[in-house]
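Hydrogens, waters and symmetry mates are skipped; everything else that's a heavy atom, side chains included, is used.
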Amino acid sequence: MADAAGPRRSERIVTGIVVALCAAAAAVIVVTTLRALDRWYLPVPVADTWEGSFGFTREAAGDFLGALWRPHNEHRIVLSKLLFWFNNTHLGGSNAFLIAVNVALTAAVAAATAWLTAAMVAGHRAAQWIFAAASMGAGFAWVHQQNLVWEFQSQFYFAVLFSLLAMTLAGRAHVRGDSSGRYLAAVACALLAMVSMGAGVPTVAALGLVLLALPAPRRVIVAAGVVLVVGLGLFLPGLGAAPANPDALQLLPSGEVPAPVALLTFLGSPAYWATESLGWAQVGGALFLAVTAAVVARTARQVWRRQERAPMTMAGLGFVLVVLANGISAALLRADNGALVLVGSRYQILVLIGWLVLMAVAVASTMEVLGPVRSTVATGLAAGAAAAVLLLVVPTQLASGANPADPDQSTLANPARRTAAALGVELGVPDRDLQVPTLYYRPGAWPALSEYVREQQWAIFGDRFRELRQTLGGSQEDLRHVPC
């Protein structure tokens, strides 16, 4: 509970300054990221978009439901495929729509994080605003630039968003004494997270643990268990591992990283982006595990002794377990793709939000141990937690390796590589002659796919593409000399 007498004037001034500083840091992050998107935008598709979006649309013309449910590597990306289909059939294949959706989704992730963290520190307005600012900073951090620049990547945002909503709705259902409505919505969100991509699959198990720990009404637990088990039974068959990517960033040699080290590096990966040190990443991962273990132990003790426990703290812990499960999965798959184990940009949206939620869980748990605390104490704890996350993000936002003002740092945004791929399509270059590592497709699929894309004359061949093409030349021989 907040201090009934209210904070003194000096305390209000200090609190206001802290909130303003957090809001300013978040504003800098949001503005620089949006400027970078405007500067780096290209209409030319990249990597998985060729087959995952264009190839899917081609297959969907003959078997829509089959193509929709068919795995993409080790994922089922049903929600993203619906976006791809709409974009290609109604908007001419322009990736501007898909990137705009990515921006909207990252804003939704930030809002969902703010909702969950605010519920954990209910009654302390300043602490809630601090966590809201940190949520915006983590949501728009340029460290996960690939998810923003790469039009294909909406599935990461969907997985994180629906996982957050599933946990929050379950906690709110318990707080409100809801008999079914919000619990059912939580289960629906868990299923949506599952069909977003592989990173969302642990949401199903984590939600089950949260429902048991709250505890939810028995009939809700039984019904949710049946739905979630059936959902997993339909989802898992037919999934395969992702093919090895020889162009993946290998910061540690693939196959030579012990699983515990890989797990620490993954969980502490935001520290790598801030310090460029794998050692600090592993220290960060150890801290993540230590705080999680302490909170889990306290929660298990409360459940065992049937003590009262905070529902929203349980909800936050559920999301932290989703992040931990993804870290374990990445560590076990290190032999297939070392980049996933380590510090890949795409997973930073999950890990950064996980760090922020974990900090909120730690703050809420500390306040539970201390009992009723003054508003200034709650504000100080929240400010420390938010600073721990924002200090990981702000240096990365301004560092040369990820500076939005430097258009040469992102391989996905490199105009030469992306335009060369589209040029190869337009010229009908055989896949054996197309030495551009930004293409991604199944062996043997390229001839039919490139012919289909040319027939559709999608937006990738608009004025902007022709303008870029002039800088590269217009022949197959020119294409072979594109600097990739």
Any non-hydrogen side-chain atom of [X] less than 4.5 Å from a side-chain atom of [Y]?
{"X": "Ser154", "Y": "Leu98", "value": "no"}
{"X": "Leu34", "Y": "Val103", "value": "yes"}
{"X": "Trp85", "Y": "Leu82", "value": "no"}

So, using ring-ring contact (aromatic ring centres under 6.0 Å, His included) as the criterion, who are the partners of [X] when residues are at least two apart?
{"X": "Trp115", "answer": "none"}
{"X": "Phe84", "answer": "Phe152"}
{"X": "Phe288", "answer": "Trp355"}

Got a sec, which residues hit side-chain hydrogen bond (donor to acceptor under 3.5 Å, both in side chains) with [X], two or more places apart in sequence or on another chain?
{"X": "Thr168", "result": "none"}
{"X": "Thr203", "result": "Ser163"}
{"X": "Thr313", "result": "Glu368"}

Not counting sequence neighbours, list each pair that qualifies as a side-chain hydrogen bond (donor to acceptor under 3.5 Å, both in side chains) and has a residue in residues 188-197. none
Partners meeting salt bridge (Lys or Arg N to Asp or Glu O under 4.0 Å) with Arg182 (sequence neighbours left out): Asp178
Knowing that exactly one of Gln155, Arg76, Gln153 qualifies, which makes a side-chain contact (heavy atoms from CB on, under 4.5 Å) with Met197? Gln155
Apply side-chain contact (heavy atoms from CB on, under 4.5 Å) to [X] and list each qualifying residue two or more places apart in sequence or on a separate chain.
{"X": "Ala112", "result": "Leu161, Leu164, Leu165"}
{"X": "Leu21", "result": "Ile17"}
{"X": "Leu209", "result": "Leu321"}
{"X": "Ala293", "result": "none"}

Donor-acceptor pair between Thr117 and Gln128 side chains, under 3.5 angstrom: no
